[in-house]
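Before any comments, here is the structure.
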Amino acid sequence: MKFNPENYRIPDIPMQPFIDASEIWDIIEKTDSTPEKVSEIIQKSLSKQRLSMDEVAILVNATDEVSIQAIKEGAKTLKNQVYGNRIVLFAPLYIGNKCQNNCSYCGFRVTNKDAERKTLDDAEIIKEIEALEENGQKRLVLVYGEHNDYSPEYIAHTVKIAYSVKKDKGEIRRVNINAAPMDIEGFKVVKEAGIGTYQIFQETYHPEAYKLYHLGGKKANFENRLTSLDRAQEAGLDDVGIGVLFGLYDWRYEVLALIRHTNHLEACYNVGPHTISFPRIKDASSLSVGSKYFVSDADFTKLVAILRLAVPYTGMILTAREPAELRDEIIQYGVSQIDGGTKIEIGSYAKTLNEAQNLNRGQFKINDERSLNEIINELLDKDMIPSFCTACYRLGRTGEHFMEFSVPGFIKKYCTPNATLTLAEYLTDYADAETAVKGWKLIDKTIGEMDNENLKKSLIDRVERVKAGERDLNY
Ligand code: SAM
Ligand code: SF4
């Protein structure tokens, strides 16, 4: 790991931070965009090269229809080249909503007296995991408020519970976390518990805007949050996810800042973020955010496509905050992971009754309430392979090492066969009859199209072994 102390900033020690708002605005303002320039940049991206900040600025400044169409088409082509037709599925699991911060966009904020506070006890966590496994989930992101109760040791404890629960043929094979920043020792503790990705969203990369929304608690410290991933890297945690809460500040600035953060991580540690998330503000109990920077569907679609072009090899996550129709549309412009069957009220997976959402029990409103089976069924209609693959992380293909593998050929060799095997498991263990028929048809088609005869033979053999009851056969 290449560590560059120049780029590492411990909170409260003055040093040049890697996000400089005026630099980012200069880049945006000095750039003008023409359809010709946009087209050249898309060609560069299609040759799978990362884009520079200046090039991304040209894309964010494009407003003519020809350029916007070209950006979307380019992102679609690139996505198919890099990720094939598979889409990775996961579910969020909220462990506790106690919080000592006062973020004006969040239903969990400390000042929200209407919030119904709850932390799952161990037995309740087990029940939630069992319910998730009964639906066929294999990958989770555990989510926590920021509270003294949710120490790194506590988080590690909950992660270990998640891995230990095995209901029938079910098991959770990858546990990511979305939790408050930690110190280096804390990151070591959660790493040792075996977490996959550590996700943390900067919310807004604009320091002044940040102050307006973060009104109290530890999260009010912009730098502490911004440097958290440097501390994670120091602790040896190299699988990290970044994000912006779109709607807090100008989306064009935030897109460039995400690229700047990616560049920083790559320059210092030789490994960029594994994923980028782009939540948009949704309704929440006690929400108090003006609408000045809210992002329209059209701009949101465009920004997802731009991110895809800017960082061809970074995973991109689109959550159930967005409505089904928009998710279906946007997936094609570069998304690699979505959640399915999502419930965000604490303890709601184990409930048998499907109650209407209650904003006082959740962090915000979700707008895609489709079950996992419905989502899988609809993905299959579009010839997309739903994947629960966790092979890379479990076989050590992460971080710097993973980047070496992210070259052409990787998808054919690993991702498509692994997606096929995890889909075969889902179809055997959990799918309804209609989904199963569609799924086996797509598996046959996928195998039929493989050009490596040895791999094809081996995959046919493994699919048969899955049908016969073997599980977790990875490449
Ligand atoms: N408490 C931890 C923290 O703040 O880092 C965990 C994160 S929170 C449970 C997950 C993310 O949800 C936040 O980082 C934020 O981006 C997003 N979020 C918060 N309020 C939201 C809202 N009203 N609509 C959409 N997303 C929201
Ligand atoms: Fe707490 Fe996170 Fe919500 Fe802020 S976003 S109030 S830190 S749960």
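For ligands, and for the atoms within them, numbers begin at 1 and follow the listed sequence. We number each residue from 1, following the sequence as shown.
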Got the closest protein heavy atom to atom 27 (C) of ligand 1, with its distance?
Phe364 CD2, 3.5 Å

For atom 13 (C) of ligand 1, closest protein heavy-atom neighbour:
Glu203 OE2, 3.3 Å

Minimum non-hydrogen distance to atom 26 (N) of ligand 1, winning option of Lys218, Lys282, Arg321, Lys365:
Arg321

Please say whether more than 12 non-hydrogen atoms of neighbouring residues, nucleotides or ligands are located less than 6.0 Å from NZ in Lys166.
yes

Check this for me: Lys127, atom NZ, are more than 12 non-hydrogen atoms of other residues, nucleotides or ligands nearer than 6.0 Å?
no

Could you see which bit of Glu203 sits under 4.0 Å from ligand 2, with heavy atoms only: side chain, backbone, both or neither?
neither

Can you find a non-hydrogen atom of Asn178 under 4.0 Å from ligand 1?
yes

Is the shortest heavy-atom distance from the side chain of Cys389 to the side chain of Val88 under 4.5 Å?
no

When you measure from the centre of the six-membered ring of Tyr205, is the NZ or CZ of Arg260 under 6.0 Å away and within 45° of the axis?
no

Which protein non-hydrogen atom lies closest to atom 2 (C) of ligand 1, naming both residue and atom, and how far is it?
Tyr144 O, 3.4 Å

Whether Phe108 lies under 4.0 Å from ligand 1, heavy atom:
no

Side-chain donor/acceptor of Asp339 to backbone N/O of Ala320, under 3.5 Å
yes

Of all the non-hydrogen atoms in the protein, which one sits nearest to atom 5 (O) of ligand 1, and at what distance?
Arg225 NH2, 2.7 Å

Nearest candidate to atom 20 (N) of ligand 1, where distance is taken over non-hydrogen atoms, out of Tyr213, Phe201, Tyr105
Tyr105

Spell out the protein N/O/S atoms under 2.8 Å from atom 1 (Fe) of ligand 2 as residue plus atom name.
Cys99 SG

How long is the straight-line distance from SG of Cys99 back to CD of Glu146, given to the nearest 0.5 Å?
6.5 Å

Could you give the distance from CD1 (Ile125) to CD (Glu130), rounded to the nearest 0.5 Å?
12.5 Å

Does a sphere of radius 6.0 Å around CD in Glu325 hold more than 12 heavy atoms from other residues, nucleotides or ligands, not counting ones at 6.0 Å or beyond?
no

Could you check whether His157 and Tyr150 have their ring centres less than 6.0 Å apart?
no

Here the atoms of ligand 1 under 4.0 Å from any heavy atom belonging to Ile281 are 24 (N), 25 (C)

Go through ligand 1 atom by atom and flag the ones less than 4.0 Å from a non-hydrogen atom of Gly145.
1 (N)

Provide the number and element of each atom of ligand 2 under 4.0 Å from a heavy atom of Gln363.
3 (Fe), 5 (S)

Does anything in residues 107-141 pair up under ring pair (Phe, Tyr, Trp, His ring centres under 6.0 Å), and if so which pairs, sequence neighbours excluded?
Tyr94-Phe108

Using a 4.0 Å cutoff against the non-hydrogen atoms of Gln363, which atoms of ligand 1 qualify?
8 (S), 9 (C), 10 (C), 12 (O), 18 (N), 19 (C)

What is the ring orientation for Phe300 with Phe278, classed by angle as parallel under 30°, tilted 30 to 60°, or perpendicular over 60°?
perpendicular

For the pair Asp328 and Arg370, evaluate salt bridge (Lys or Arg N to Asp or Glu O under 4.0 Å) and give the outcome as yes or no after the intermediate values.
CA-CA 12 Å; Asp328 289 348; Arg370 286 176 293 178; 3.5 Å; yes

With atoms numbered from 1 as shown, which atoms in ligand 1 lie under 4.0 angstrom from a non-hydrogen atom of Val143?
9 (C)

Can you list the atoms of ligand 1 that are under 4.0 Å from a heavy atom of Arg280?
24 (N), 25 (C)

Give the C-alpha distance, both sets of side-chain angles, the deciding distance and a yes or no for salt bridge (Lys or Arg N to Asp or Glu O under 4.0 Å) between Glu208 and Lys211.
CA-CA 5 Å; Glu208 296 306 315; Lys211 276 190 210 151; 3.4 Å; yes

Should you measure from each heavy atom of Lys219, which atoms of ligand 1 turn up under 4.0 Å away?
3 (C), 4 (O)

Gap between atom CG of Asn360 and atom CG of Asn112 - 0.5 Å precision:
6.5 Å

Here the atoms of ligand 1 under 4.0 Å from any heavy atom belonging to Ala284 are 23 (N)

